[in-house]
**Student:** 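Handing you this structure, nothing more for now.
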Amino acid sequence: MYALVDCNNFFVSCERTLDSSLENKPVVVLSNNDGCVVSRSKEAKDLGIPMAAPAFKYKELFRKYDVKSFSAKFELYNFKSQQVIEIARSYVLEYETYSIDELFLDLTGFKYINLYDYCLEIRNKIQKETSIPVSIGIAPTKTLCKVANRIVKDFPEKFNGVYIMDTPEKIEKALRWLNIGDVWGIGRKLTAKMNDSGVYKAWDLLQKPEMWVRKVMGIHGVRMINELKGIRQLELDSPSPKKSIAVTRSFMEMLMKKDEVRERVETFGMYCSERLRKQNTCCKMVTVFVQTNRFRKDLPEYRNAMTKVLPNPTNSSIIIGRVVNELFEAIFKEGFHYKKAGVIVNDFVPEDQRLISLFEEDTQNQHLPVMKAMDAMNKKYGKDKVRLGSMSGENTFGRAQLSPEYEAFLKNNTLTEANFRFH
DNA sequence: TCTGGGGTCCTAGGACCC
DNA sequence: TCTGGGGTCCTAGGACCC
């Protein structure tokens, strides 16, 4: 069996830990620029505020019902998330953090204890020590855990925060009740397709022939029906390194001038390279996109994106900046009101492979002295024993040309041993 | 006036190679 | 007019998740 621990109205619950007077009151948390509602308390949901609602449309309602609203504080949320995870994981051997407010626990092998009582204890401990209320759904597969969790949330009086779905009878009852669109992995498009074919409840999907499911949903669908039947298809994933990094923003006001948009896009590129360096990886692909305001039907719409595969992996802000600029030049068109843009980097390799790429990119032979120095160090200490350290406090050469140390270094053509790391 | 910001995975098709 | 069979890499787009 697996258990899914899911924090209730997570961002709102975090805000409540700072201010207990928010208990039992309608509260919402808003996204960047206070644009959208990204978390709602139960009271706010009861007022009919939908998820992702644009805040400006509900200003009047907020005022009328005295809804407290907060700008998102992601540092706080990350911190509280860690606390919850620490407690929950201490009860099991294997677990998977699925998102900022959810984690799966592996209860396989817990044969001689009462899983319900065990999870209730986890829940109470989290509540007591972090003040974050959680719901726990227990079932044989991840997909069914999601269902069980949903049941806990929909019937709070009945289940006291924990529901265990451990018999075929319970599973059937749940699936006959659950709308197809609420199944994990079925989104808006598929819901419409399903309804067209007479599938309204999760249970209905299981009555369809496997070939049909395969055709409509692809390989995903086959896995899903098995999961719903209680046959495990999805294992717990160990935390894996990221596969892409995206920095995208909507602008406060629409931008028409090329240089204004360029400036933002360049900044996004810088953030990407910073994050790459933080996790000691380099990327092989860079994507830039721009788009106009999709809600302004009165203005011409334009959106475009372009990807470049780099000849060599890098995390240098200079090289990435250059690529970002190149792509931006290719996709930017004059005469549109731009509202959103972003840079995405992906296809990562470990940072060790970066130096080579830097030298290969070195068209002006700026780094020739460095290569010579590297050679000398290699001879002296043996290959693979030395590595270039940071030149300027920045963990990359790409930036180094901005630093006085680096300029001095280029002038004198000297590199001291202090610039090297040994391992 | 004001409409988020991350991520993952899958598929199909084109270009190119042998 | 007929018109291989693989393979890889890359791109674009769609669908989903929180």
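Naming: A, B, ... by sequence-line order, numbering from 1 per chain.
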**Student:** Please confirm whether Arg264(A) makes a cation-pi placement over Phe251(A), using NZ or CZ under 6.0 Å from the six-membered ring centre and within 45° of the ring normal.
**Tutor:**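 Judged by the rule, Arg264(A) and Phe251(A) form a cation-pi pair.
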**Student:** So, OP1 or OP2 of dC17(C): does either fall under 4.0 Å of a side-chain N or O from Arg188(A)?
**Tutor:**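 The answer is no; no side-chain N or O of Arg188(A) sits under 4.0 Å from OP1 or OP2.
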**Student:** Does Lys80(A) make a cation-pi contact with Phe10(A), if we ask for NZ or CZ under 6.0 Å from the ring centre and within 45° of the axis?
**Tutor:**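 Geometry flag: not set, cation outside 6.0 Å or 45°.
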**Student:** Using a heavy-atom cut-off of 4.0 Å across all strands, would you classify Lys146(A) as base, sugar-phosphate, or nothing?
**Tutor:** sugar-phosphate
**Student:** Please work out if Arg214(A) contacts a base, only the sugar-phosphate, or nothing of the nucleic acid, heavy-atom cut-off 4.0 Å.
**Tutor:** sugar-phosphate
**Student:** Closest approach to the side chain of Ala246(A), judged atom by atom: which nucleotide of dC10(B), dG7(B), dC18(C) is it?
**Tutor:** dG7(B)
**Student:** So what does Val247(A) hit on the nucleic acid, given a heavy-atom distance under 4.0 Å: a base, only sugar-phosphate, or nothing?
**Tutor:**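 It contacts sugar-phosphate atoms only.
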**Student:** The side chain of Met285(A) is closest to which nucleotide in this list: dC17(C), dT11(C), dA15(C)?
**Tutor:** dT11(C)
**Student:** May I ask you to say what Lys339(A) touches in the nucleic acid, namely base, sugar-phosphate or nothing, with a heavy-atom cut-off under 4.0 Å?
**Tutor:**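 It contacts sugar-phosphate atoms only.
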**Student:** Would you mind reading off the distance between Lys142(A) atom NZ and dC18(C) atom C1', rounded to a whole angstrom?
**Tutor:**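 Answer to the nearest Å: 14 Å.
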**Student:** Can the ring centroids of Phe268(A) and Tyr271(A) be said to lie less than 6.0 angstrom from one another?
**Tutor:** no
**Student:** Can you figure out which of dG4(B), dG5(B), dG7(B) approaches the side chain of Ser244(A) most closely?
**Tutor:** dG7(B)
**Student:** Just call it for Ile100(A): base, sugar-phosphate, or nothing, with non-hydrogen atoms closer than 4.0 Å on any strand.
**Tutor:**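 The answer is nothing, as Ile100(A) stays clear of every strand by at least 4.0 Å.
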**Student:** Report the nucleotide, chosen from dG7(B), dC18(C), dT8(B), that has the shortest atom-to-atom distance to any side-chain atom of Arg275(A).
**Tutor:**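 When the side chain of Arg275(A) is considered, dG7(B) is the closest of dG7(B), dC18(C), dT8(B).
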**Student:** Whom does dC10(C) pair with, Watson-Crick or G-U wobble, provided both distances fall under 3.5 Å?
**Tutor:**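 Looking at the geometry, dC10(C) pairs with dG13(B).
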**Student:** When all nucleic acid strands are considered with a 4.0 Å heavy-atom cut-off, which category describes Gly187(A): base, sugar-phosphate, or nothing?
**Tutor:**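 Result for Gly187(A) = sugar-phosphate.
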**Student:** Looking at Trp212(A), is Lys208(A) sitting on its ring face, NZ or CZ under 6.0 Å from the six-membered ring centre and within 45 degrees of the normal?
**Tutor:** yes
**Student:** Classify Asp34(A) by what it touches in the nucleic acid, base, sugar-phosphate, or nothing, heavy-atom distance under 4.0 Å.
**Tutor:** nothing
**Student:** Without hydrogens or angle criteria, can the side chains of Asn8(A) and Ser13(A) be said to hold a donor-acceptor pair below 3.5 Å?
**Tutor:**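 Note: Asn8(A) and Ser13(A) side chains miss the donor-acceptor criterion.
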**Student:** Quick one: does Asn114(A)'s side chain have a donor or acceptor within less than 3.5 Å of a partner on Tyr116(A)'s backbone?
**Tutor:** yes
**Student:** Ignoring the backbone of Arg249(A), work out which of dT3(B), dC10(B), dG6(B) is nearest its side chain.
**Tutor:**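 Ranking dT3(B), dC10(B), dG6(B) by closest atom to the Arg249(A) side chain puts dG6(B) first.
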**Student:** Mapping Arg223(A) and Asn33(A) to their closest nucleotides on DNA chain B, which lands nearer the 5' end?
**Tutor:** Asn33(A)
**Student:** Considering every strand shown, what is the Watson-Crick or G-U wobble mate of dG5(B) when both distances are under 3.5 Å?
**Tutor:** dC18(C)
**Student:** May I have the distance from Arg294(A) (atom CZ) to dC2(B) (atom P), rounded to whole angstrom?
**Tutor:** 14 Å
**Student:** What integer distance in Å separates Phe74(A):CZ from dG6(B):P?
**Tutor:** 9 Å
**Student:** Between dG5(B), dT3(B), dA15(C), which nucleotide gets closest to the side-chain atoms of Lys340(A)?
**Tutor:** dG5(B)
**Student:** Would you mind reading off the distance between Phe10(A) atom CZ and dC17(C) atom P, rounded to a whole angstrom?
**Tutor:** 21 Å
**Student:** Regarding Glu253(A), tell me which of base, sugar-phosphate or nothing describes its non-hydrogen contacts under 4.0 Å with the strands shown.
**Tutor:** nothing
**Student:** Look at all strands and tell whether Lys57(A) reaches a base, only sugar-phosphate, or nothing, counting heavy atoms closer than 4.0 Å.
**Tutor:** nothing
**Student:** What is the separation between atom CD1 on Ile344(A) and atom C1' on dG7(B), rounded to the nearest whole Å?
**Tutor:**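 From Ile344(A) CD1 to dG7(B) C1': 10 Å.
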**Student:** Find the distance Gln233(A):CD to dC9(B):P and express it as a whole number of Å.
**Tutor:**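 Value for this atom pair: 17 Å.
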**Student:** Find the distance Leu4(A):CG to dC17(C):C1' and express it as a whole number of Å.
**Tutor:** 13 Å
**Student:** Would you indicate what Val183(A) reaches in the nucleic acid, counting non-hydrogen atoms under 4.0 angstrom: base, sugar-phosphate, or nothing?
**Tutor:** sugar-phosphate
**Student:** Please confirm whether the shortest side-chain N or O distance from Ser31(A) to OP1 or OP2 of dG5(B) is below 4.0 Å.
**Tutor:**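 So the side chain of Ser31(A) is outside the cut-off, no N or O lying under 4.0 Å from OP1 or OP2 of dG5(B).
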**Student:** Between dT3(B), dC18(C), dT11(B), spot the one nearest the side chain of Asp101(A), thanks.
**Tutor:**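 Looking only at heavy atoms from C-beta outward on Asp101(A), the closest nucleotide is dC18(C).
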**Student:** Describe the nucleic acid contact of Leu30(A) in one word from base, sugar-phosphate, nothing, applying a heavy-atom distance below 4.0 Å.
**Tutor:**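 Here Leu30(A) touches no strand at all.
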**Student:** Assuming nearest nucleotide by heavy-atom distance, tell me which of Pro54(A) and Lys242(A) is located more 5' along DNA chain B.
**Tutor:**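 Of the two residues, Pro54(A) wins.
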**Student:** Kindly say whether Ser316(A) contributes a backbone atom to a donor-acceptor pair with the side chain of Thr314(A) at under 3.5 angstrom?
**Tutor:** yes
**Student:** Between Lys243(A) and dC9(B), is there a side-chain N or O to OP1/OP2 distance below 4.0 Å?
**Tutor:** yes
**Student:** Once you round it to whole Å, what is the distance between P of dC17(C) and CG of Leu103(A)?
**Tutor:**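 Distance, rounded to whole Å: 20 Å.
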